[in-house]
Amino acid sequence: MAAEQTDTSSSPGRHQEPVHWADQTAARIVAQRGPLGGDKPHYTCASGITPSGTVHIGNFREIVSVDLVVRALRDAGYATRFIYSWDDFDVFRKVPKNMPKQEMLDAHLRWPITDVPDPFGELGSYAERNERDLESVLPTVGVTPEYLYQTRKYRAGEYASGIRTALERRDVIRRLLDEHRTTSLPDDWWPVSVFSRFTHKDTTTITGWDGEWGLSYRCDESGNEETVDIRTSDLVKLPWRIDWPMRWRHEQVDFEPAGKEHHSAGGSFDTAKTIAREVYGYDAPVTFKYDFISIKGRGGKISSSTGDVIGLPEVLEVYEPEVVRYLFAGTRPNTEFAISFDLDVIKIYEDYDRAERIYFGAEQVNEKRAQKESRDYELSQLPERAALLRAAARVRATKADARLRGPVQFPFRTLCNFLMITAGDIGAALSRFDDYDPNDLGQRDRAHRRARCAWNWTTGFAPEEFRFALKDGSEEPVALSPAERAAVVALRDEIDRKLDEYDDKSLQDRVYAIARENGADEKAFFGVMYRILIGKERGPRLGGFLRTVGRERLLQILDGYR
RNA sequence: GGGCAGCUAGCUCAGGGGUAGAGCAUCUGACUUUUAAUCAGAUGGUCGCGGGUUCGAAUCCCGCGCUGCUCACCA
C-alpha cells in the first residue's frame with residue numbers, strides 16, 4: 001500500500017526540507033525503514049518507562065516527543081502505530097519519598113512493582129497506581145497511545161521465545177556487554193533474571209538451563225530451588241539491556257527516542273542496538289536523544305528525593321494543554337529547557353498567541369519564521385482541532401481568497417488583571433473582554449480553561465509585585481494632602497457622573513488633568529490612587545483599570561474620601 | 001578513561017558554504033501615559049583557538065581548549 005504523501009508545510013506546492021524537527025524525524029523514519037507495504041502495514045513508534053514512581057514532567061518529554069513524531073508521520077499520510085510500554089515487571093528498587101506507607105513499600109523492595117500493593121489502597125498495585133495517574137491525564141494534552149503492559153506479556157509467555165533466544169546466545173550477549181564494562185561479567189552470568197516464588201524478590205541465582213524451556217534457580221534467602229518453564233512461568237524476565245532489543249523486534253519498532261542517559265557509547269541504547277542486530281537479527285529503530293527539562297520559578301527540582309514531584313498535572317495548573325504542547329513542539333528535543341512558573345509564564349502565553357496570529361495571517365513575519373511558527377502552532381493543537389485546521393488549510397490552498405479567521409484571544413496578562421479585580425470570578429472577568437461571547441460554547445470553554453490557569457498562576461506563583469486585591473471601602477482611608485484629597489474627590493465625582501463616556505486613554509488623560517487642576521503632583525497622584533484602590537505603589541494602567549473596576553465598586557472605595 | 005553536546009552581540013539563543021541574525025538589555029526619540037508598559041530608531045560581533053579544503057568558511061575537515069552532560073552498577 002503506497003502511502004499518500006501530502007504536503008505538510010504551510011505553503012503548499014513547494015518541495016522543500018521540512019522546517020520542523022518532528023517532520024524531519026518522520027522523513028528519516030520513512031527513509032531508513034523503507035516504504036510501507038507487504039508485511040509492514042504501518043510505522044511503529046514506541047515510548048515507555050518504568051512506573052517505579054510518580055511519572056514526572058521529564059518523563060513526559062519522551063511521550064510527547066513520540067506523539068509529535070507520530071502526528072508528523074500521520075500528517076504525511078503514513079499509517080502509524082503509537083505504543084507505550086509500561087515496564088511494570090521491573091523490580092522495585094527504591095521507595096520514593098512522596099509515597100505514603102513508606103514502611104509497607106519498604107517491605108516490598110526487590111519485588112516486581114506489579115506485585116507491590118498500591119499505597120493508596122485503591123488500585124491493584126503500585127505499578128497500576130503510577131500508570132493510571134499518567135494515563136488519566138495524557139488525553140488532556142491529546143496524547144492517546146496504545147498501552148502495553150510488560151507484566152502481562154511476560155506472564156502470558158508472549159516473550160518466551162525472545163527469552164530463549166537470549167539464553168541460546170548467552171555468550172554473544174556477554175561478549176557484547178563486556179565490551180563496555182570495566183569488570184567482565186562472571187562465568188555464571190545469565191541474560192535473565194528470576195523472581196523467587198518463595199520471597200517474590202529477585203534475589204535468586206540461576207543454577208541451570210536445559211537448553212530448551214526449563215530454567216532452574218535457587219532462592220538466595222530461603223535456599224529453595226526449583227525449575228520453571230519459561231513459557232508458563234510468571235517469574236522470568238529479561239534485564240533491561242536485553243529486554244529492550246527483544247521488544248523492538250517483538251513489536252517491530254521503527255522509532256523510539258531515549259533520554260540522554262541512554263545515548264552514550266556503552267550506554268543502554270548503544271548495547272541494545274548491537275544486541276538487536278547480532279542476537280535478534282533486527283535493526284535498531286530510528287532514534288534521537290532528548291535532553292532533560294528543569295523547573296524554574298517553583299523552587300524545586302522535577303523530582304527530588306524530598307518528595308516534591310512536578311508532573312503533568314502540576315504543569316497543567318498553569319499552562320493550558322495547547323501551550324504545554326507548544327513548549328515541547330517548539331523546542332528541539334536535544335535542547336535542555338526549563339518549564340517556568342515565574343513571570344516567564346506570561347511571555348510563553350504571549351509567544352503562543354503570536355504563533356496563533358501568525359498561523360491565521362493576522363500578524364506578518366518573514367516566510368521562514370511563518371512556516372516554523374505555523375507548524376509549531378499546528379502541532380500544539382489537540383488532535384480534533386488539528387484535523388480541522390489541516391482540512392481548512394487544504395481549502396485555503398485551492399482558494400486563494402478563502403481566509404480563515406483566528407479565534408478570539410484573551411491575553412494572559414490582562415486576564416490575570418481582570419481576575420484580580422473580580423477576585424477570581426471567571427465569568428465576571430471574561431465579560432470584561434469586549435469580544436467575549438459566552439454563547440459561543442467553544443470559545444467559552446477555551447476562555448474558561450485559560451482563566452483557570454491564569455487564576456492558579458496569579459494566586460500560586462505570580463511574584464508579589466504583580467499581585468493585588470481591590471479594596472472594598474471598609475479599610476482605613478489613606479492619609480492624603482489637601483490637594484490630593486481634592487483631586488481624589490474630583491476624580492470620584494467625575495467617575496460618578498460620566499465614567500461611561502471615557503475610553504482607556506481619555507480617562508487616563510483626565511486623571512492627569514484632574515491632578516493638575518487640583519494642584520496635586522501628576523505623577524505622584526497615580527501612586528495615591530494605587531494606594532487607595534489596592535494598597536500598593538503601582539498597578540495596572542489607571543485608565544483601563546478604573547473602567548474595568550467599574551463605577552459601583554470605585555464609589556464604594558472612594559466615597560470614604562468625601 | 002570513553003562518548004555526546006555547546007562555545008555567535010552585555011544576556012538568552014537562531015542560523016549551518018555566498019553581505020553576521022532575533023528577542024531582551026543599553027542609548028535616543030514619541031505618547032502630559034505606572035504592572036518586565038508600548039511604539040520608532042540606534043549602538044553593539046576576529047561567530048572559542050590554530051591549521052586545512054574552497055574563488056569564498058560562523059558553516060565542511062583535522063587538531064586543541066574550555067563548559068556541561070553522560071556511560072562504564074542498575075534501569
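Every chain is numbered from 1 and lettered A, B, ... according to where its sequence line falls, protein lines coming before strand lines.
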- Item | Dot-bracket line, read 5' to 3' along RNA chain B, where crossing pairs take [ ] and | marks a partner on another strand, Watson-Crick or G-U under 3.5 Å | ((((((((.[[[[.)..(..]]]].(((((.......))))).....[[[[[..)....]]]]])))))))....

Only pairs under 3.5 Å count here: list side-chain donor-acceptor contacts from residues 511-520 of chain A, not counting sequence neighbours, and write none if there are none.
unit_1, atom_1, unit_2, atom_2, d
A/Glu517, OE2, A/Arg510, NH1, 3.2
A/Asn518, ND2, A/Ile514, O, 2.7

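The phosphate of B/rU32 has neither OP1 nor OP2 within less than 4.0 Å of any side-chain N or O from A/Lys523. Side-chain nitrogen and oxygen atoms of A/Arg541 include at least one within less than 4.0 Å of the OP1 or OP2 phosphate oxygen of B/rU35.
Listed by chain and residue number, A/Phe292 satisfy the side-chain contact (heavy atoms from CB on, under 4.5 Å) test with A/Glu261 (two or more places apart in sequence, or in another chain). Residues forming a side-chain contact (heavy atoms from CB on, under 4.5 Å) with A/Arg492 (at least two apart in sequence, or on another chain): A/Asp496, A/Leu555, A/Leu558, A/Asp559, A/Arg562. Judged as a side chain to side chain donor-acceptor pair (under 3.5 Å), and not counting sequence neighbours, A/Asp434 has no contacts. With sequence neighbours excluded, the residues that form a side-chain contact (heavy atoms from CB on, under 4.5 Å) with A/Asp509 are A/Lys505. In this view, A/Tyr561 satisfies the side chain to side chain donor-acceptor pair (under 3.5 Å) rule with no residue, not counting sequence neighbours. Partners of A/Thr204 according to the side-chain contact (heavy atoms from CB on, under 4.5 Å) rule, which considers only residues two or more places apart in sequence or in another chain, are A/Val194, A/Ser196, A/Tyr217. A/Glu131 meets the side chain to side chain donor-acceptor pair (under 3.5 Å) test with no other residue; sequence neighbours excluded.
Within the structure, side chain to side chain donor-acceptor pair (under 3.5 Å) pairs that include any residue of residues 519-533 of chain A comprise A/Arg531-A/Glu537 (at least two apart or interchain).
With respect to the salt-bridge test (charged N to carboxylate O, under 4.0 angstrom), the residues A/Asp188 and A/Arg218 do not qualify.
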Give me, pair by pair, the N or O atoms of the protein and of nucleotides 67-73 of chain B that are less than 3.5 Å apart, along with how far apart they are.
unit_1, atom_1, unit_2, atom_2, d
B/rC69, O2', A/Lys260, NZ, 2.6
B/rC71, O2', A/Gly266, O, 3.2
B/rA72, OP1, A/Arg241, NH2, 2.6
B/rA72, O2', A/His180, O, 2.6
B/rA72, O2', A/Thr182, N, 2.7
B/rC73, OP1, A/Thr182, OG1, 3.1

Identify all pairs in which a protein N or O lies below 3.5 Å from an N or O of nucleotides 20-23 of chain B, and state each distance.
none

